Each structure stands twice: as C-alpha cells, then as structure tokens.
Amino acid sequence: MEPLSEKEIEFMTYWEQNRLREKKVMKQLLVGLPLGVLFGLPVLINLFLGWYKRAGMVANAQVNPLILITAIVLIIVFVAIFSRRHKWEMKEQYYQELKARQRALGGLPPS
C-alpha cells in the first residue's frame with residue numbers, strides 16, 4: 001500500500017471540517033437547486049410550447065394547474081436534494097476509504 005498523497009490528505013482535512021455542514025438538507029437543497037431546475041423546467045417548456053397537442057389538451061382539460069405546478073416543484077426539490085445527498089455519500093465513502101488506508105499504514109489509531 002502506498003502512502004496518502006498530498007491531495008488525499010487535503011481532502012481528508014477539508015471533509016473532517018465540512019462533512020456535517022454539507023449534510024444539512026437546506027444546504028443540499030440550495031446547492032442542488034440548479035440541477036433540479038434543469039430537470040423541472042423542460043417539463044414546463046414542453047407543456048407551454050404545445051409541440052405535443054394531445055398532451056396539452058389533456059393537461060388543460062383534466063389537470064388542475066396548481067397540481068401540475070406542485071408536481072414540478074416536487075420534482076425540482078427531489079432532484080436537488082437527491083443529487084447532493086448522493087454526492088455527499090460518495091465523498092463520505094471516499095473519506096472512509098482514505099481513513100481506513102491511513103489506519104492500515106499506521107497513521108491513525110483505530111476508532
């Protein structure tokens with residue numbers, strides 16, 4: 001096993017300081033919002049541009065606009081939080097792997 005690189009040590013230091021802050025739901029929502037809007041906005045654009053006439057007719061006749069807007073907002077929020085939560089989990093897993101590798105090299109006492 002090779003020792004940790006400078007970049008890996010920097011990541012471990014950063015993650016130890018910021019992992020709890022990045023796990024907060026509001027932070028995940030705010031940071032992930034652009035990606036959520038990227039998923040929700042095309043639905044609205046397709047509906048209002050009217051390129052698929054039958055879907056527009058069904059939406060106007062059978063669906064309450066408030067329900068449609070609520071559904072799109074829920075999609076945006078879900079994608080925003082889910083994407084950031086996934087990214088947090090990936091960073092946490094990488095941190096745990098580095099920590100285990102550091103322990104195996106004798107750099108940290110077992111916790």
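Just so we're clear, the structure is a prediction, and the values are computed from it rather than from any experiment.
- Listed by chain and residue number, Glu6 satisfy the side chain to side chain contact (heavy atoms under 4.5 Å, CB included) test with Glu10 (two or more places apart in sequence, or in another chain).
- For CZ of Phe39, the number of neighbouring non-hydrogen atoms (other residues, nucleotides, ligands) closer than 6.0 Å is 12 at most.
- For the residue pair Glu89 and Gln93, no side-chain donor N or O sits within less than 3.5 Å of a side-chain acceptor on the partner.
- Nearest heavy-atom pair across Pro42 and Val37 is CD-O, 4.1 Å.
- The shortest non-hydrogen separation linking Val79 to Leu35 is CG1-O, 4.1 Å.
- A salt bridge is defined here as a Lys NZ or Arg NE, NH1 or NH2 lying under 4.0 Å from an Asp or Glu carboxylate O, and Lys23 with Glu92 fails to meet this definition.
- The main-chain N or O of Arg19 is found under 3.5 Å from a side-chain atom of Trp88 such that the two form a donor-acceptor pair.
- Side-chain atoms of Leu29 and Arg84, non-hydrogen and from C-beta on, never get closer than 4.5 Å to each other.
- Ile76 and Ile67 fall into different hydrophobic clusters, where Ile, Leu, Val, Met, Phe, Trp and Tyr residues are linked whenever their side-chain heavy atoms come under 4.5 Å apart, directly or through other members.
- A 4.5 Å side-chain heavy-atom check between Val31 and Lys87 finds every atom pair outside the cut-off.
- Distance check, rounded to the nearest 0.5 Å: CD1 of Ile81 to CG of Leu33 gives 9.5 Å.
- In terms of hydrophobic clustering, with Ile, Leu, Val, Met, Phe, Trp and Tyr side chains grouped at heavy-atom distances under 4.5 Å, Met90 and Phe11 are assigned to different clusters.
- No more than 12 heavy-atom neighbours from other residues, nucleotides or ligands sit within 6.0 angstrom of CZ on Phe82.
- When side chains are defined from C-beta on, Arg103 counts as touching Lys99, because their heavy atoms get closer than 4.5 Å.
- Looking at residues two or more places apart in sequence or on another chain, you find no ring-ring contact (aromatic ring centres under 6.0 Å, His included) involving Tyr14.
- Placement of Leu38 and Leu30 in two distinct hydrophobic clusters is found when ILVMFWY residues are connected by side-chain heavy-atom separations under 4.5 Å, directly or transitively.
- Residue Ile72 forms a side-chain contact (heavy atoms from CB on, under 4.5 Å) with just one option from Leu74, Thr70, Leu68, and that option is Leu68.
- In the hydrophobic cluster analysis, where Ile, Leu, Val, Met, Phe, Trp and Tyr join through side-chain heavy atoms closer than 4.5 angstrom, Phe78 is grouped apart from Ile69.
- Between Leu98 and Met12, the shortest heavy-atom contact is CB-SD, 3.6 Å.
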